[in-house]
Amino acid sequence: MTVERIQVKDYRNARLRTVELKDGCNAFVGANARGKTNLLEAVYFAGVGKSFRTPRERELINADAPRAYIKITSRKFGNGQTVSIIIDRELKKRVAIDNVGITRMSELMGVCPVVLFYPDGLKIVKEAPADRRRFMDIANCQMSKAYFHALSQYNKILMSRNKLLKSGGATDSTLAPWDELLCDSGAVIVKIRREFVKKLDGLAAERHAYLSDGKESLSLEYEGAAGENTDDIKAVLGRKLVADRDNDLRLRYTHSGPHKDDIKITVNGVDVRAYGSQGQQRTVALGMNLAEMQLYTELFGTSPVLLLDDVLSELDETRRDRLLRALDGFQSIVTATDGDCFSGFDVNIIEI
């Protein structure tokens with residue numbers, strides 16, 4: 001897939017802006033606070049239906065405007081398509097695909113697939129398990145409608161179960177129906193996540209070895225309920241809920257399930273979540289992003305758009321050049337303050 005045009009109106013600091021993109025690497029170059037990341041964010045929003053910078057969508061609207069507009073024009077398998085979004089101060093956001101409004105966000109997933117690395121992207125390596133779960137969730141929601149549905153159901157059921165626990169009126173009999181539903185959707189989530197991490201492991205190891213000039217060996221492992229099929233996983237999840245029942249009742253929240261799972265990340269046998277240098281963690285995150293790109297392409301025969309925000313300035317020259325070479329073969333959008341870092345590479349530089 002290729003994004004051909006970004007159009008925004010009253011979006012953050014942009015009153016009205018249109019940017020034309022090309023295949024390959026596109027670079028938004030300019031001083032800080034000029035709106036480079038805002039344009040990157042608009043593409044991401046069209047891909048997953050939300051911002052990566054704030055959960056408060058009204059912050060995306062220019063201070064002097066009642067609403068903001070995003071329109072992303074792209075091409076997939078030779079066919080043109082558009083994603084249009086209106087973010088309103090008073091109404092719910094409206095999303096349309098080829099000018100036809102959608103009622104469920106699941107309809108947006110995979111229409112304009114994106115993979116993102118930004119400064120906070122290091123969280124998928126160095127911060128809490130929730131950040132690694134978010135990485136898996138965003139990737140898998142774009143690749144699997146079944147995953148999106150299971151995750152949505154799981155979150156609703158978990159909220160209801162926790163509400164019952166917090167009420168103080170929970171018992172074995174009142175929790176049992178919620179446990180059954182939680183295990184049903186949880187088993188689907190765990191199975192798809194485990195398969196995703198297993199496939200990502202080999203691809204990310206190859207990408208990481210390339211970026212590190214063969215000096216480091218990366219390994220990924222999913223940490224969650226055991227089992228190769230949903231029935232086995234469901235049984236494991238159910239037994240764990242029973243084992244945690246006393247703690248759940250005493251502390252009034254659900255202690256186990258996919259909402260507690262993680263990805264173990266090691267480099268040369270060392271857990272980089274706790275002991276990796278920032279340089280190692282950045283390379284790991286980039287390797288995982290590039291592997292996600294490759295996995296999506298192998299599954300669907302078309303590539304997502306890779307969004308790289310302010311990453312080149314934090315890499316040494318060798319790793320920066322290796323990263324730019326790794327971008328060959330698919331479309332990417334990169335932000336930078338200095339265009340000189342692209343010297344010697346075929347990059348469409350767009351002054352912002």
Side-chain angles (χ1 to χ4, degrees), residues 24-34 36-37 39-41 44 52-53 114-127 131-132 135 200-220 263-295 303-352:
C25 183
N26 298 268
F28 296 158
V29 177
N32 290 328
R34 295 292 299 273
K36 303 184 299 295
T37 300
L39 291 171
L40 207 73
E41 180 186 38
Y44 182 86
F52 62 86
R53 299 158 79 190
V114 293
V115 172
L116 169 72
F117 180 93
Y118 67 120
D120 273 1
L122 284 179
K123 287 182 177 180
I124 68 172
V125 182
K126 71 178 184 178
E127 297 292 340
D131 294 291
R132 289 178 285 280
F135 165 76
L200 200 71
D201 177 37
L203 298 175
E206 292 175 5
R207 295 295 190 171
H208 185 88
Y210 172 74
L211 292 173
S212 66
D213 198 20
K215 297 174 183 176
E216 296 175 351
S217 176
L218 171 66
S219 177
L220 307 175
I263 305 176
K264 183 179 181 180
I265 307 173
T266 59
V267 171
N268 297 339
V270 177
D271 190 336
V272 294
R273 295 175 298 186
Y275 303 107
S277 68
Q278 186 154 305
Q280 278 183 321
Q281 291 169 342
R282 181 172 285 103
T283 305
V284 167
L286 286 168
M288 290 171 68
N289 288 148
L290 292 170
E292 182 188 344
M293 292 284 298
Q294 186 175 344
L295 178 57
S303 300
V305 178
L306 179 61
L307 309 174
L308 298 173
D309 184 38
D310 194 28
V311 61
L312 299 181
S313 62
E314 300 296 330
L315 297 174
D316 60 50
E317 185 177 354
T318 298
R319 295 195 187 210
R320 184 189 67 207
D321 289 352
R322 283 180 173 269
L323 173 60
L324 289 173
R325 283 195 289 272
L327 302 183
D328 188 40
F330 50 81
Q331 188 184 43
S332 57
I333 305 173
V334 187
T335 67
T337 55
D338 184 3
D340 291 343
C341 60
F342 300 105
S343 179
F345 293 91
D346 183 15
V347 176
N348 176 36
I349 295 180
I350 302 165
E351 299 287 344
I352 301 296

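Only a predicted model underlies this, so the values are computations on that prediction, with no experimental measurement involved.
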| field | Thr318 backbone acceptor or donor facing Asp316 side chain under 3.5 Å | value | yes
| field | Option among Phe117, Tyr44, Phe135 that satisfies the ring pair (Phe, Tyr, Trp, His ring centres under 6.0 Å) test with Phe52 | value | Tyr44
| note | ring-ring contact (aromatic ring centres under 6.0 Å, His included) filter on Phe28, not counting sequence neighbours, yields none
| request: To the nearest 0.5 angstrom, please state how far the CG atom of Leu307 sits from the CG atom of Leu39. | output: 11.0 Å
| Is there a donor-acceptor pair under 3.5 Å between the side chain of Arg132 and the backbone N or O of Glu127? | yes
| Side-chain contact, heavy-atom cut-off 4.5 Å: Arg319 with Arg282? | no
| task | Would you please test Leu286 and Leu315 for side-chain contact (heavy atoms from CB on, under 4.5 Å) and show each step? | result | CA-CA 11 Å; Leu286 286 168; Leu315 297 174; 4.1 Å; yes
| message | Quick one, Leu290 and Val115 - any side-chain contact, counting heavy atoms below 4.5 Å? | response | no
| field | Heavy-atom pair of closest approach, residues His208 and Val284 | value | CE1-CG2, 3.5 Å
| message | Quick one: does any side-chain atom of Arg322 pair with a main-chain N or O of Tyr210 as donor and acceptor, under 3.5 Å? | response | yes
| query | side chain to side chain contact (heavy atoms under 4.5 Å, CB included) with Phe345: which of Asp328, Leu327, Asp321? | reply | Asp321
| request: Would you name the heavy atoms of Ser219 and Asp201 that are closest together and state the gap between them? | output: CA-OD1, 3.5 Å
| said: Please give me the minimum heavy-atom distance between Val29 and Lys36, naming the atom from each residue. | reply: C-CD, 3.9 Å
| task | Any side-chain hydrogen bond (donor to acceptor under 3.5 Å, both in side chains) involving residues 271-281? Give me the pairs, sequence neighbours left out, ordered by first then second residue. | result | Glu216-Gln280, Glu223-Arg273, Asp262-Arg273, Asp271-Arg273
| query | What side-chain hydrogen bond (donor to acceptor under 3.5 Å, both in side chains) pairs are there with at least one residue in residues 304-314, not counting sequence neighbours? | reply | Thr37-Asp309, Asp309-Thr335, Asp310-Ser313
| query | Does some side-chain heavy atom of Leu40 sit less than 4.5 Å from a side-chain heavy atom of Tyr118? | reply | no
| said: Give me the atom names and distance for the closest heavy-atom approach of Ala204 to Ala291. | reply: N-CB, 3.4 Å
| query | If you look at every heavy atom in Val125 and Ile265, which pair is closest and at what distance? | reply | CA-CD1, 4.2 Å
| field | Residue pair Ile349 / Gly339: nearest heavy atoms and the distance that separates them | value | CD1-O, 4.2 Å
| query | Considering only heavy atoms from C-beta outward, does the side chain of Val114 approach that of Leu116 to under 4.5 Å? | reply | no
